[in-house]
Amino acid sequence: MGTSIVWFRRDLRLADNPAWSAGTAAEGVCALFIIDPSLFDVVTPKRRSVLAAGLESLDQSLARLGGRLRVEVGRPVDIVPSVASELGAGEVHINREVTPFGTQRDNAVSELVDLRESDGLYIHPPGSISTDGDRAYQVFRPFFEKWGSRPVQIVPKPGAASIIDNPGTGAPVPDREVGRYGEDAALERLETFAGRVEDYDRIRDRADLDKTSRLSIDLKYGFISPLRIMVSVEGGDSGRRAFVRQLAWRDFWAHLLAENPSMLSSPLREKYAAVPWRTDAESVRRWKQGQTGYPLVDAGMRQLLDEGWMHNRVRMVAASFLVKDLLIDWTVGERHFRRHLLDADVAQNAGNWQWVAGTGADAAPYFRVFNPVMQSHKFDPDGEYIRRWVPELADLPASMTHEPWKVAPLDLAVHGVALGDSYPDPIVDHSMARQRAIDAYRSAAG
């Protein structure tokens, strides 16, 4: 078959990678990654460093097989045809994307080279599970039932192609410490989590315990396949079933985005396009900086800025606060999370924001509003998560941590807290804001 190219994107691994398996059926193969400045230059330094660490890991894996990862900088529509022409490559193999940006990019490249698509990003490819009307499901339960009954596609083993030893311009160097990332590190994280997954359903929502898998970043960059994770953790106990269900949710959002690319910016429930959102730049700024006066919300938003990650339960609380308490358009929060989260999967991010906002698929009724204080008591009962991320409140006893505005000023002062000075007063009254949101949604629903 001569020479082929495998163009890596969100699949930075060699195992369980159908595009790599297909491309290595040739006599020779070029492992290619393209740094597109239109993406690379606008993400956070932490995101660039995680990508750099993953590329280094992939390059090392290829080096053990006698080749190198070729990294080039530029527009894929220019780079891919150029490399294919240089090598005389007849085929370019990819794993199919479903984001609007990725789809448009790949369509443009496919007009210039023989682009061969595989499905290696999800357990069941988008479009493979549909309603009787051949549409993507908008309710999770029937999707999950069909998802769980469908046999998985086993990825063929890679071929024996000779890997071209040309690093191109070379992978970027991480400019900050972000931890270990890449295929080997992802497998280690999976092994660690698989040893305690039985407790997942019981403690996954506890922000203070932080017992989630931390595999979401690995899935974002494709350091590990979702199928590999599912096979490693599936079983009969409730913890394993609960975690596999999360992998199904990941597929659910991708299936929806593939059919509804506008869901990144428009509500799936069209009637909620009429919600009278508030324009309040100062409130948005305080929410982004973790200065709302609601400790659990502020802790989560500060963790996001510091780590590029946030506990999943706190993500929901922080998102609900922006949309329901502040009545700010959910797309404002979606863009902020997409920029800062190291695990920012486009379909999941938009789908979950619309779920919280009540504007999308399988969403709760609009009158269900997260109470940030109740959530704080329930999922950070001793205030440990709050103290970790809101040091102004670190000396408060647990009984004062969740609602410091209800504590007498002198009692706060004993612990070094002065509301409106060392820590902000609440930006809004939750009870008032909840009713305001319900009224706004009701007016839009008609």
Side-chain angles (χ1 to χ4, degrees), residues 10-11 13 15-16 120-126 128-129 137 139-155 179 181 183-256 300 303 307 309-317 319 341-345 347-349 351-352 355-356 361-362 375 378-380 385:
R10 291 181 53 213
D11 49 0
R13 65 182 186 275
D16 299 314
L121 303 185
Y122 305 98
I123 293 174
H124 294 303
S128 65
I129 298 175
Y137 279 98
V139 178
F140 178 73
R141 173 172 285 187
F143 171 87
F144 183 52
E145 291 174 354
K146 191 172 288 188
W147 183 92
S149 64
R150 183 182 177 88
V152 298
Q153 182 178 355
I154 303 301
V155 179
Y181 286 102
E183 190 167 2
D184 292 341
L187 289 172
E188 291 175 9
R189 268 186 287 277
L190 173 59
E191 183 178 2
T192 298
F193 177 67
R196 54 179 171 81
V197 66
E198 291 88 350
D199 292 329
Y200 178 75
D201 61 323
R202 183 176 60 83
I203 60 176
R204 63 174 178 165
D205 284 325
R206 285 284 298 272
D208 55 332
L209 301 179
D210 192 11
K211 296 295 185 180
T212 57
S213 73
R214 289 283 184 145
L215 288 165
S216 56
I217 300 172
D218 300 304
L219 283 169
K220 148 76 176 176
Y221 291 92
F223 300 142
I224 194 169
S225 75
L227 179 59
R228 178 67 174 270
I229 295 174
M230 186 179 78
V231 169
S232 296
V233 305
E234 66 182 347
D237 62 73
S238 59
R240 294 175 185 275
R241 293 197 303 272
F243 189 76
V244 169
R245 187 180 178 89
Q246 297 307 306
L247 294 174
W249 271 106
R250 180 175 180 271
D251 274 17
F252 178 69
W253 297 128
H255 284 239
L256 266 175
Q303 183 184 25
E307 288 191 348
W309 195 84
M310 191 193 304
H311 188 280
N312 184 61
R313 169 57 60 168
V314 186
R315 294 187 197 198
M316 291 190 286
V317 176
L341 283 170
L342 296 179
D343 62 6
D345 177 277
Q348 278 185 288
N349 194 50
N352 281 313
W355 184 88
V356 170
D362 210 58
Q375 294 284 313
K378 187 173 183 179
F379 299 115
D380 186 25
Y385 177 79

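Heavy-atom basis, side chains included; hydrogens, waters and symmetry copies ignored. No experiment lies behind these values; they were computed from the predicted model shown.
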Item to check | side chain to side chain contact (heavy atoms under 4.5 Å, CB included) assessment of Lys211 paired with Asp199 | outcome: CA-CA 9 Å; Lys211 296 295 185 180; Asp199 292 329; over 6 Å; no
Heavy atoms only: give me the nearest [X]-[Y] pair and the separation to one decimal.
X: Arg228; Y: Ser232; value: O-OG, 2.9 Å
X: Asp201; Y: Ser238; value: OD2-OG, 2.7 Å
X: Leu247; Y: Pro226; value: CD1-O, 4.0 Å
X: Ser216; Y: Asp343; value: OG-OD2, 2.6 Å
X: Ala194; Y: Val197; value: O-CG1, 3.6 Å

Does any part of the side chain of [Y], heavy atoms only, come nearer than 4.5 Å to the side chain of [X], both counted from C-beta?
X: Leu341; Y: Arg315; result: yes
X: Ser213; Y: Arg189; result: no
X: Leu219; Y: Ile229; result: yes
X: Asp362; Y: Phe143; result: no
X: Gln246; Y: Arg204; result: yes
X: Tyr122; Y: Ser128; result: no
X: Leu190; Y: Val233; result: yes
X: Tyr385; Y: Leu209; result: no

Pairwise distance [atom1]([X]) to [atom2]([Y]) - rounded to 0.5 angstrom:
X: Ser149; Y: Glu145; atom1: OG; atom2: CD; result: 8.5 Å
X: Leu187; Y: Leu215; atom1: CG; atom2: CG; result: 9.5 Å
X: Leu227; Y: Glu234; atom1: CG; atom2: CD; result: 8.5 Å
X: Ile217; Y: Asp345; atom1: CD1; atom2: CG; result: 12.5 Å
X: Thr212; Y: His311; atom1: OG1; atom2: NE2; result: 5.0 Å
X: Asp218; Y: Leu342; atom1: CG; atom2: CG; result: 11.0 Å

Checklist entry - Is it true that a side-chain atom of Glu183 and a backbone atom of Ala15 form a donor plus acceptor pair closer than 3.5 Å? => result yes
Checklist entry - So, Tyr137 versus His255, ring centres under 6.0 angstrom or not? => result no
Item to check | Phe252/Phe144 aromatic ring centres below 6.0 Å | outcome: no
Next on the checklist: For Phe223 and Arg13: C-alpha separation, side-chain torsions, deciding distance, then whether side chain to side chain contact (heavy atoms under 4.5 Å, CB included) applies.
Outcome noted: CA-CA 5 Å; Phe223 300 142; Arg13 65 182 186 275; 5.7 Å; no
Checklist entry - More than 12 non-hydrogen atoms from neighbouring residues, nucleotides or ligands closer than 6.0 Å to CD on Glu198, yes or no? => result yes
Checklist entry - Within a reach of under 6.0 Å around NZ of Lys378, are more than 12 heavy atoms found that belong to other residues, nucleotides or ligands? => result no
Checklist entry - Can Tyr200 and Val244 be said to form a side chain to side chain contact (heavy atoms under 4.5 Å, CB included), step by step? => result CA-CA 11 Å; Tyr200 178 75; Val244 169; over 6 Å; no
Checklist entry - For Phe379, is the NZ or CZ atom of Arg206 found under 6.0 angstrom from the centre of its six-membered ring and inside 45 degrees of the ring axis? => result no
Item to check | Quiz item: cation-pi between Arg245 and Trp147, 6.0 Å / 45° | outcome: no
Next on the checklist: As a quick check of understanding, evaluate side chain to side chain contact (heavy atoms under 4.5 Å, CB included) for Met310 and Gln303, giving each step before the final call.
Outcome noted: CA-CA 6 Å; Met310 191 193 304; Gln303 183 184 25; 4.0 Å; yes
